[in-house]
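Fair warning: this is a prediction, and the values are worked out from it, not measured in the lab.
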Amino acid sequence: MLIDKQLAPHIVYYEDSIQHALQKINQNNKRLVYCLSESGVLEGLVTDGDFRRWVVAVSEINLERPVREIANRNFVFAREGEESQHIAALFSRKINSIPIIDTSGRLKAIAWQEDPGLRIGNRLIREDKPAFLVAEIGNNHNGSFDLAKRLIDSAAEAGADCAKFQLRDMESLYTEGGKVVSDDLGAEYTLDLLFRFQLSVDEMYEALDYTRSRGLIPLCTPWDLASLKSLSEFGIEGVKIASADLTNHQLLRAASRTRLPLIVSTGMSTEQEIIDAVYLLRSEGAPFALLQCNSTYPTPMQDINLAYMDRLREISQAPVGYSGHERGYEVCVAAVARGAKIIEKHLTLDRLMEGSDHRVSLLPDEFSSMVKAIRNVEAAIGRGEERRISQGERLNREVLAKSLVAARPITKGETISDSVIEIRSPGRGLQPSRREELIGLVACRDMTKGDAFFESDLLGESVFGRSYEFDRPWGIPVRYHDFKALTGTVPLDFVEVHFSYRDLDLDPADYFDGPTAIGLVVHSPELFAGDHLMDLSSADESYRRRSIGELQRVVDRARELKQYFPRTKRPLIVINPGGFTLERFLPKAQRQTLYTRIGEALATVDADGVEIIPQTMPPFPWHFGGQRFHNLFMAADEIVEFCETHGMRVCFDTSHSKLACNYFGWSMHDFIRKVGPYAAHLHIVDARGDHDEGLQIGDGEIDFEALGEDLRRWAPRVSFIPEIWQGHKNTGQGFWVALDRLENCLAASRGLGAHNLRGAAA
């Protein structure tokens, strides 16, 4: 049993929508949510089964109805303060969670029969999550609050998840307050350091608050009951138990009863002592993790024994990690490769400072390098899933691989023989290994020499565009060269013209015969001549000036295109304004500087007659030349702040934002609720995990019916395109398939009538 006070993933309020409750259930992986009144009183719960029973019972399904209408008010609960054994006895085959309420009925904690992982603050520590990286400041502040702040800043800038301190009440911890001279010279030296290098309780509170302000989770090690009480009163996110206190069952029990998550080090302990401590933690229902640790400073490599993490995992049936006191950080990287989900490593600004911990600590640049190495190793480890072609491989396969193509013109209805098939680059169609599947089939379309064969040729049917019904303007992406082929027979509301940097030098008159009856959106290039990636946030002034100049060229060309699209008086221009880094994500304070630079850069662009809209971005964008870390236009609150500050709107890309939500653990529903009102245009496309973008509708993880409901509510009548990667191939087949699928779930779902808005301004 585990008793968890981290309630947010498992609660909704009575007036929240049924849809919101379902999204919470889907996100928390526990198949239920608890329903609270506005004052926090537990009113009921909703499970998958409750929803199914409601669906069967009602004549009309409306997911915007309040969740109170389907909540089950008949539930088993426990009272705050009851013994763990009594709570554990309430579990059954059907009941694997018990709400714990106070005397007023307010939900205070949830007891789980199964371990859902360890949640500390907004981070979930579990096998399928990145390692939780703790910068152990300890007493390396040497009693200086200013130095403590500098260490916190260094931890944030290095990419740590957490900054941790230590707190001692010297009067209660040591005999006669530690003032008696010890017979042990080492103990006397240590006591002298501790007396001189302590932060007061108030200073500790201030340091923990400052840690939060830097976007880190604050943790602290209490060395005594008085310090534990002080931290609990502060509202600390979790508690670290030092190796020295693994056998201090009084402190372990008291820490368990705070219901805070515990990280427990196992240095200088026997296996039986570890087993005894785990038994106590389990009997108290404490959420905890164990750290493999050797309490020698510095630890010899032969004494580290990373393999013992496997035994700790077996003993605890809980997450395990590693607390390192060796020099360097290679062992921490190896520990992550062996499955450590928590890494704790000391941080200092100067290894020559007074104090025993400094000499085994990492300097800020070393800690930053460790973070980068760990994140790289985690990315490389993967999850052992079925082999899929990665995004980067798809790009290279298109360029480097080969396809089956027509060796001569083929007439629809002709039987395909081996002699009419050739293998040619690039790899835009069927792979050569599928040649035998084509032979003997009847051609379902006319083909010219060199045309690639596609999956539709194997199925014996081609997909063509038609008239579609949506409750908002819709279009497709086009390039100059395929504009006529893709728009000739389909009644579009608009097109989104995607430029390459070479297109900016072409004459539009060579591709457009005259004014058209459809609208215009423009997508700016990311890459320009000389491998220049647009970055309006660059600290390099000359680089930023060139990016501004390239964007001005795009704006000028968009204004020139208006003569061919006279319906659109003020074309939207979608841009990726920059803000990427090569090695790691930036902390929030640095991100704000980049947003400011972008705002200032855009203010210098002559954008008369157009509207520039930055695109929401994924965490790991694929640029020409490789994958990077993105920092801007991912977090909903930051996007809203940018739009409000600069009076701008955005292009909401569902694939990009789903990847960001997946990676950072955000709610897509909440993201749309916040960003939707600022959306000028939509790119609707599927995504999977935190890397796979641009997928065909239904091939990823997005719930498009829920997406449709959210967009109708928060971004009504906003234009969209299906931004399917390589959707233009085979005369736009990817776009037509996407529109077929989107028509069913965006416009015609849930009994809502759809109507075509052809003629509306793009």
Side-chain angles (χ1 to χ4, degrees), residues 1-2 4 6 112 114-121 123-136 160-162 164 217 219 221 237-247 252 255-256 260-296 299 301 303-326 329-346 370-371 373-375 377-378 381-384:
M1 180 183 70
L2 181 150
D4 188 4
Q6 306 294 319
W112 300 100
E114 298 176 357
D115 186 354
L118 185 68
R119 184 174 291 277
I120 301 180
R123 283 295 306 273
L124 182 60
I125 299 170
R126 202 169 61 188
E127 290 301 313
D128 60 343
K129 300 295 181 181
F132 183 64
L133 306 184
V134 179
E136 166 66 301
D161 299 307
C162 164
K164 191 185 81 65
I217 295 173
L219 292 181
T221 297
E237 277 82 345
V239 167
K240 166 70 188 299
I241 301 296
S243 293
D245 279 315
L246 183 80
T247 59
L252 274 183
S256 297
L260 292 169
L262 309 180
I263 299 176
V264 182
S265 276
T266 59
M268 52 189 174
S269 301
T270 68
E271 181 165 302
Q272 187 57 53
E273 288 169 341
I274 296 170
I275 292 171
D276 291 344
V278 167
Y279 179 81
L280 184 154
L281 294 167
R282 285 290 182 199
S283 66
E284 291 290 341
F288 72 97
L290 297 184
L291 302 187
Q292 165 67 351
C293 177
N294 184 286
S295 300
T296 314
T299 305
M301 291 296 176
D303 291 343
I304 290 172
N305 194 16
L306 284 182
Y308 194 69
M309 289 194 305
D310 298 340
R311 178 61 178 149
L312 287 180
R313 191 178 293 108
E314 180 182 348
I315 291 170
S316 66
Q317 296 298 300
V320 300
Y322 175 67
S323 177
H325 300 127
E326 72 287 342
Y329 60 80
E330 296 89 343
V331 174
C332 293
V333 178
V336 170
R338 287 195 61 91
K341 305 314 295 182
I342 302 172
I343 293 293
E344 179 184 73
K345 190 70 176 172
H346 287 262
M370 181 189 75
V371 172
I374 286 173
R375 297 310 184 210
V377 165
E378 287 177 326
I381 289 171
R383 298 178 181 174

Specify the closest pair of heavy atoms between [X] and [Y], including all atoms of both residues, with the distance to one decimal.
X: Ala340; Y: Ala131; value: O-CB, 3.8 Å
X: His325; Y: Cys293; value: CE1-SG, 3.4 Å
X: Ala373; Y: Val333; value: CB-CG2, 3.8 Å
X: Ile343; Y: Cys332; value: CD1-O, 3.7 Å
X: Pro261; Y: Gln6; value: CD-NE2, 4.2 Å
X: Met309; Y: Ala335; value: CE-O, 3.5 Å

* Asked: Counting distance only, does the side-chain N/O of Thr266 pair as donor-acceptor with the main-chain N or O of Leu291 below 3.5 Å?
  -> yes

* To do: May I ask you to decide if Pro319's main-chain N or O and Arg126's side chain share a donor-acceptor pair within less than 3.5 Å?
  => no

* To do: Report the C-alpha distance between Val336 and Tyr322 in whole Å, list the side-chain angles of each, state the deciding distance to 0.1 Å, and finish with yes or no for side-chain contact (heavy atoms from CB on, under 4.5 Å).
  => CA-CA 8 Å; Val336 170; Tyr322 175 67; over 6 Å; no

Rounded to the nearest 0.5 Å, what separation is found between the [atom1] atom of [X] and the [atom2] atom of [Y]?
X: Leu290; Y: Ile274; atom1: CG; atom2: CD1; value: 7.5 Å
X: Thr247; Y: Met268; atom1: OG1; atom2: CE; value: 8.5 Å
X: Thr221; Y: Ile241; atom1: OG1; atom2: CD1; value: 7.5 Å
X: Leu133; Y: Arg123; atom1: CG; atom2: CZ; value: 7.5 Å
X: Ser269; Y: Ile275; atom1: OG; atom2: CD1; value: 12.0 Å
X: Lys164; Y: Ile217; atom1: NZ; atom2: CD1; value: 14.0 Å

* **Summary of side chain to side chain donor-acceptor pair (under 3.5 Å) pairs that have at least one residue in residues 286-295, sequence neighbours excluded** => Asn294-Thr296

* Of all pairs that satisfy side chain to side chain donor-acceptor pair (under 3.5 Å), the ones with a partner from residues 332-344, not counting sequence neighbours -> Lys240-Glu344, Asp310-Arg338, Ser323-Glu344

* Could you give me the CA-CA distance, side-chain angles and deciding distance for Phe132 and Leu219, then say whether side-chain contact (heavy atoms from CB on, under 4.5 Å) is met? => CA-CA 12 Å; Phe132 183 64; Leu219 292 181; 4.1 Å; yes

* To do: Would you please test Leu252 and Leu281 for side-chain contact (heavy atoms from CB on, under 4.5 Å) and show each step?
  => CA-CA 7 Å; Leu252 274 183; Leu281 294 167; 4.2 Å; yes

* Structure fact -> With Asp161 as partner, the option from Arg375, Lys129, Lys345 fulfilling salt bridge (charged side-chain N to carboxylate O under 4.0 Å, His left out) is Arg375

* So Tyr308 and Val320, side-chain contact (heavy atoms from CB on, under 4.5 Å) or not? Walk me through it. -> CA-CA 10 Å; Tyr308 194 69; Val320 300; over 6 Å; no

